[in-house]
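Since we're looking at a predicted model, the values are computed, not measured. Letters A, B, ... are given to chains in the order of the sequence lines, protein chains preceding strands, and every chain is numbered from 1.
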Number of protein chains: 2
Amino acid sequence: MNDPIVASSPKKIRQNNEIAALRALHRAGRLSRADLARIMKLNRSSSGHIIAELTADGLVREVEEEEPVRKSHARAGRPGVLLELVPQAVLFVGIEIGVEHITCVEIDLAGTVVNVKTEPFDGPQHNAEKAIRHAIDLSLSGMPKDSLRRLEGVGISTPSQLSRDGTIHLAPLLGWKNVNLVELARNELPVKVPVMVENDANAFAIGAGYSGPELNEGVTLFVVMESGVGGGILVEGRLLRGAHGLAGEIGHMYIGGEAGSEQNLEQIVGLSSILSSYRAVTDRRGTSFDDFLADVRDRAPDAVSIAENWAKALGYALAQICRVIDADRIVLGGSVAKLYPLVAARLTAHMKSAQEPSFPLPTLLLNREAIYGSAFGAACMVHQRYLSPESNRFVGDA
Amino acid sequence: MNDPIVASSPKKIRQNNEIAALRALHRAGRLSRADLARIMKLNRSSSGHIIAELTADGLVREVEEEEPVRKSHARAGRPGVLLELVPQAVLFVGIEIGVEHITCVEIDLAGTVVNVKTEPFDGPQHNAEKAIRHAIDLSLSGMPKDSLRRLEGVGISTPSQLSRDGTIHLAPLLGWKNVNLVELARNELPVKVPVMVENDANAFAIGAGYSGPELNEGVTLFVVMESGVGGGILVEGRLLRGAHGLAGEIGHMYIGGEAGSEQNLEQIVGLSSILSSYRAVTDRRGTSFDDFLADVRDRAPDAVSIAENWAKALGYALAQICRVIDADRIVLGGSVAKLYPLVAARLTAHMKSAQEPSFPLPTLLLNREAIYGSAFGAACMVHQRYLSPESNRFVGDA
DNA sequence: AGTAATATGTTGCATTAAGATACAATTATG
DNA sequence: CATAATTGTATCTTAATGCAACATATTACT
């Protein structure tokens, strides 16, 4: 309704096309100029010009044919020389300020993780300014000057309500309120680079979408289940932020129960809830979630019953959510998601029973690689920005 | 993530800019060439060229100064000549095939309604083909040949699950299944124009967004309450369709109650439910919804109690929904929405009590002008398409 | 009233980027 | 070994925007 009101000019066309080329290369990995021309529906000569410029800028290079002679080209004609992004050309940093730790991730132009650092951190003990200083110190310490010059953006993720301009309204878990993280980070950074802030669950969704292109079509709900339960929504690859960056934050949805006795999702399917139920039925102290999983796997009745409750509550919630956003797929992540494969059929059954038969169910997927948490997603945000018309590559034009 | 991969060419630039100009004019009503240049961030000369082409195409004209001399220009300098869309240049038809009636709406290039026809129609009695034939007959009958030549699109709205290609999976209320409405309509139409199909609640949302530009920012949930309860979601002015076009279809969400005894939203806040509760407590037969409203207004205890129930269930549902999509605002429409102003405070209170205090509540709005139902929205869909790069104006280019 | 200031619309020219075409280079096919 | 197919590049054409200058129309100021 309101986007394409700003027009293009010859210069902007080239910019857009360079971006499109970078994105295509990012997605496909390696492409020839001719491939690129086909993808972008451009003439081969134009594609050549664009690549020439990007090569001059040091962002793209021809791949040196490692494999000496690659037979079986299958196709007649002169083979194209493959192009690829120059990973080292630029650098992006993602920072997750959590309640218990700070994680920093570095990714390169290709979106590959090149560095990870984690450190315990007592979030509620620090105010926002100290936390940011600490986090930026951690992320940039030991980074060679050369890398710092290649830094093109810093993304930050925190468990918080964010207004659209990057101000934290409220971060209950950290005890922060009304702070402009973007500003704080800009003041703390030794270089002037774009800074973006996002809710942790949303950052996670962006990161997951980055690793799985198939998640960028239609509507995808990401659910992260640890002690808390959060989530994010991707619509056609774009994050659905909502008015306060809280879209997808489903941990506090009410599950069953009449007024007064309501329980929220997090209180039923969260890690601490499962553990306390499990510890109540096993006499052993200090049993871990893995012990619980093992018991479920062995069909120990008490454990199975807890798992069944989990599946029921989660299924109910997911069905409700699908009534609202009609998701194509739901990705379950976080350590608690490891329970899913054991009760997949039950969860599906409960989802079915919470809808009319005619309502189509989404596909359920398990996310296995959430190793870097939302720090990776935070880095992806600035990577994404670099490959967009807002990129800082284009400073100094009308 | 995946849009700007297709590049622009000189020809396409002009097309985009023409579209942008048309949209700007549609939004603003009247603009000078200089205004347009500012809005589009273009040079005045470019803006002049673009307008020249659009004028030659008969889509834009200079407004003849009706007001003889408009003093108090307030600003020095030569006054610009105002431009406006030529409303009669093109025509769009929107058709709503409902369970009880068919409604047809014609809108012009300016988005103004120029014609409405409604007819009772027994949906379940007809198969899709007959219904479409009937609806198209109704909409085009009596239309002068000249108008038919100016027709640039037909939008159709039905209560149904739609796949992304325009096939109806299931329309329970109409008893249809697996029919491609787009194809049927194309076969029935005497002219070859774009045909678009959409779920009725979604079409309604699009139409509402068209009449209220402020609804196109952030996230807006539209709720339509008649006998059934449906809804649609607009995100930054774009419709959130979901996997099956069912996003926002909240009528079947469960409200409270344990498994087995669940009630869905429609069964509590829908018109028929209110009426039957009301008739149960008044001895009179055939009391109408307006009678009920009057009793609530007069604070008749029984009526107030029913209204309170309504507010509680709706408040609960809306709070749950906001947990998922974090809406900026919620627009209540349909005849039942007339109850809202009488219990606005109660509804807000119930929404508050169904969330933590820290969760920011959306603004609640009452939609008063849903006169044309979703037929208007269906027409808007094709209007929107005409003012987009997919427009048929650009047939015959690479 | 008369002049300066300001803004609009138009015109001619420069810039820029993409398209078209042709051609050399390189590979598979028969 | 000739032919077909495909790629990358060079040259020229086309088209759209930007720029600067100018005539025009209106307000503001002296």
Quick one: which of [options] gets closest to the side chain of [X]?
{"X": "A/N43", "options": "C/dT21, C/dA17, C/dT10", "value": "C/dT21"}
{"X": "B/R75", "options": "D/dT27, C/dA7, D/dT7", "value": "C/dA7"}
{"X": "B/I50", "options": "D/dT9, C/dA18, D/dT17", "value": "D/dT17"}
{"X": "B/A76", "options": "D/dT27, C/dA18, C/dT8", "value": "D/dT27"}

Write down the distance between [atom1] ([X]) and [atom2] ([N]), rounded to a whole number of angstrom.
{"X": "B/L36", "N": "C/dA7", "atom1": "CG", "atom2": "P", "answer": "18 Å"}
{"X": "B/I13", "N": "C/dA18", "atom1": "CD1", "atom2": "C1'", "answer": "8 Å"}
{"X": "A/K41", "N": "C/dA20", "atom1": "NZ", "atom2": "C1'", "answer": "20 Å"}
{"X": "B/E18", "N": "D/dA15", "atom1": "CD", "atom2": "P", "answer": "14 Å"}
{"X": "A/R14", "N": "D/dT17", "atom1": "CZ", "atom2": "P", "answer": "17 Å"}
{"X": "A/N16", "N": "D/dT17", "atom1": "CG", "atom2": "C1'", "answer": "14 Å"}
{"X": "A/R44", "N": "C/dC23", "atom1": "CZ", "atom2": "P", "answer": "14 Å"}
{"X": "A/L42", "N": "C/dA20", "atom1": "CG", "atom2": "C1'", "answer": "13 Å"}

Side-chain heavy-atom pair B/R30, B/V63 within 4.5 angstrom cut-off | yes

State whether A/E198 and A/R241 are salt-bridged, where the test is any N-O pair (Lys NZ or Arg NE/NH1/NH2 against Asp/Glu carboxylate O) under 4.0 Å.
-> yes

Ranking B/D35 and B/H49 by the position along DNA chain C of their nearest nucleotide, the one closer to 5' is B/D35

Per nearest nucleotide of DNA chain C, the residue lying toward the 5' end, A/E53 or A/S45, is A/E53

For A/S47, report the nucleic acid contact type (base, sugar-phosphate, nothing); a contact means any heavy atom under 4.0 Å.
-> nothing

Centroid-to-centroid, A/H383 to A/F376, below 6.0 Å?
-> no

Below 6.0 angstrom between ring centroids: does that apply to A/Y386 and A/H26?
-> no

Counting just side-chain N and O atoms, does B/N17 come under 4.0 Å of either OP1 or OP2 of D/dT17?
-> yes

Please check the phosphate of C/dA17 (OP1 and OP2 only) for any side-chain N or O of A/S46 closer than 4.0 Å.
-> no

By side-chain hydrogen bond (donor to acceptor under 3.5 Å, both in side chains), B/R149 pairs with (sequence neighbours left out) none

Can you find a donor-acceptor pair, distance only, under 3.5 Å between A/R78 side chain and C/dT27 base?
-> no

N/O donor-acceptor pair, side chain A/R33 with base D/dG8, under 3.5 angstrom | no

